[in-house]
2 protein chains.
Amino acid sequence: MPNSKLYKGSLTTIILKLLSEQEKMYGYEITQKVKELTKGELNITEGALYPSLHKLEANGLLEVEVVKVDNRLRKYYKLTNNGTKETVNKLEELQSYLKTMQSLIGKLA
Amino acid sequence: MPNSKLYKGSLTTIILKLLSEQEKMYGYEITQKVKELTKGELNITEGALYPSLHKLEANGLLEVEVVKVDNRLRKYYKLTNNGTKETVNKLEELQSYLKTMQSLIGKLA
DNA sequence: AATTAATACCTAAAATCCTTAGGTATAGTA
DNA sequence: TACTATACCTAAGGATTTTAGGTATTAATT
């Protein structure tokens, strides 16, 4: 009934993919976007998201811009050049994994 | 160029799926079968496999039969009734996840 | 003959990534 | 006034995997 759990290791790729399509996004926006795109199937928890964003920033894949909107802070993240490169790698890796798993699991007995 | 890492949470489902197709298998055989089926894309490490098998057994999803072949031990695992039920659930869960991820990641920007 | 690779099992420490469960603060709605 | 939504955050714990060993037998290679 609830939403499927994240298979560990996929969150980073999801974040990078979204930012490759949208130029800049803030954390809360990412959680909502994923919920929307997956029709509630996948819920990114903030406890996973924020540390992940911080790590991507620390590794130089994302850069931050803090903006005040309606007296509330928003931290917009966008891909750096390295981030864009890594996105390609991570996407290929995950694609290949999904394909492999489909061929392993997908065909019915 | 090596093999893609396991996304955490998928190993159990892989084991159950293989055993739903093959009646009984032993650990080493599972690692070889996965390597073969995925053309080397996915390598199950023994450090992950054996603890996982033991846990599935402890949880009553698998049962063991020890056989001596060529003076070497083999521990054959097969699904219990509960194991068969769980296999269905796990497969549905993973299928749904793969589908969701495909729709998130799969479509090109 | 001796070493290496393959078969077959195992475990423990460390790393990784996520969930759970909090906390702060503002703004809008019941 | 209380709850919901927006928006950020962290820390403890759990689950799962990687890494790096270990034992033992048999087959292949040097």
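So that the names make sense, note that chain A is the first sequence line, chain B the second, and so on, each numbered from 1.
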Exercise. Is it true that a side-chain atom of B:E92 and a backbone atom of B:N89 form a donor plus acceptor pair closer than 3.5 Å?
Worked result: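 Side chain of B:E92 to backbone of B:N89, a donor-acceptor pair under 3.5 Å: no, none is there.
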For this session: Return yes if some donor-acceptor pair links the side-chain N/O of B:T80 with the main-chain N/O of B:L61 below 3.5 Å, else return no.
Result: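 Side chain of B:T80 to backbone of B:L61: a pair is present.
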Exercise. Can you tell me if B:S10 and B:Y97 form a side-chain donor-acceptor pair at under 3.5 Å?
Worked result: no
For this session: Taking the side chain as every heavy atom from C-beta outward, state whether A:L49 and A:I15 have any pair of such atoms under 4.5 Å apart.
Result: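 The answer is yes; the side chains approach within 4.5 Å.
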Exercise. Could you give the distance from OH (A:Y77) to NZ (A:K24), rounded to the nearest 0.5 Å?
Worked result: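 The OH atom of A:Y77 sits 14.0 Å away from the NZ atom of A:K24.
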Rounded to whole Å, how long is the line connecting atom [atom1] of [X] with atom [atom2] of [N]?
X	N	atom1	atom2	value
A:E36	D:dA5	CD	P	16 Å
A:Y28	D:dT6	OH	P	3 Å
A:L49	D:dA7	CG	P	13 Å
B:L73	D:dT23	CG	P	17 Å
A:L53	D:dT10	CG	C1'	14 Å
A:L56	C:dC17	CG	C1'	13 Å
A:Y7	D:dA15	OH	P	15 Å
A:I30	D:dT6	CD1	P	15 Å

For [N] and [X] - does any side-chain N or O of the residue sit under 4.0 Å from the phosphate oxygens OP1/OP2?
X	N	result
B:K75	C:dC10	yes
B:Y26	C:dA8	yes
B:H54	C:dT11	yes
B:K68	D:dT25	no
B:Y50	C:dC10	no
B:N71	D:dA24	no

Problem set entry | salt_bridge(A:K33, A:E29) N-O dist < 4.0 Å | no
Report which part of the nucleic acid [X] touches: base, sugar-phosphate, or nothing (heavy-atom distance under 4.0 Å, all strands).
X	value
B:K55	sugar-phosphate
B:R74	sugar-phosphate
A:S10	sugar-phosphate
B:E46	base
A:G9	sugar-phosphate

[X] has a side chain; which of [options] sits nearest to it?
X	options	answer
B:R72	D:dT25, D:dC8, C:dC9	D:dT25
B:T45	C:dC10, C:dT7, D:dT19	D:dT19
A:A48	C:dT19, D:dC9, D:dT6	C:dT19

For this session: Nearest-nucleotide wise, let me know which of A:D70 and A:S52 is further upstream toward the 5' end of DNA chain C.
Result: A:S52
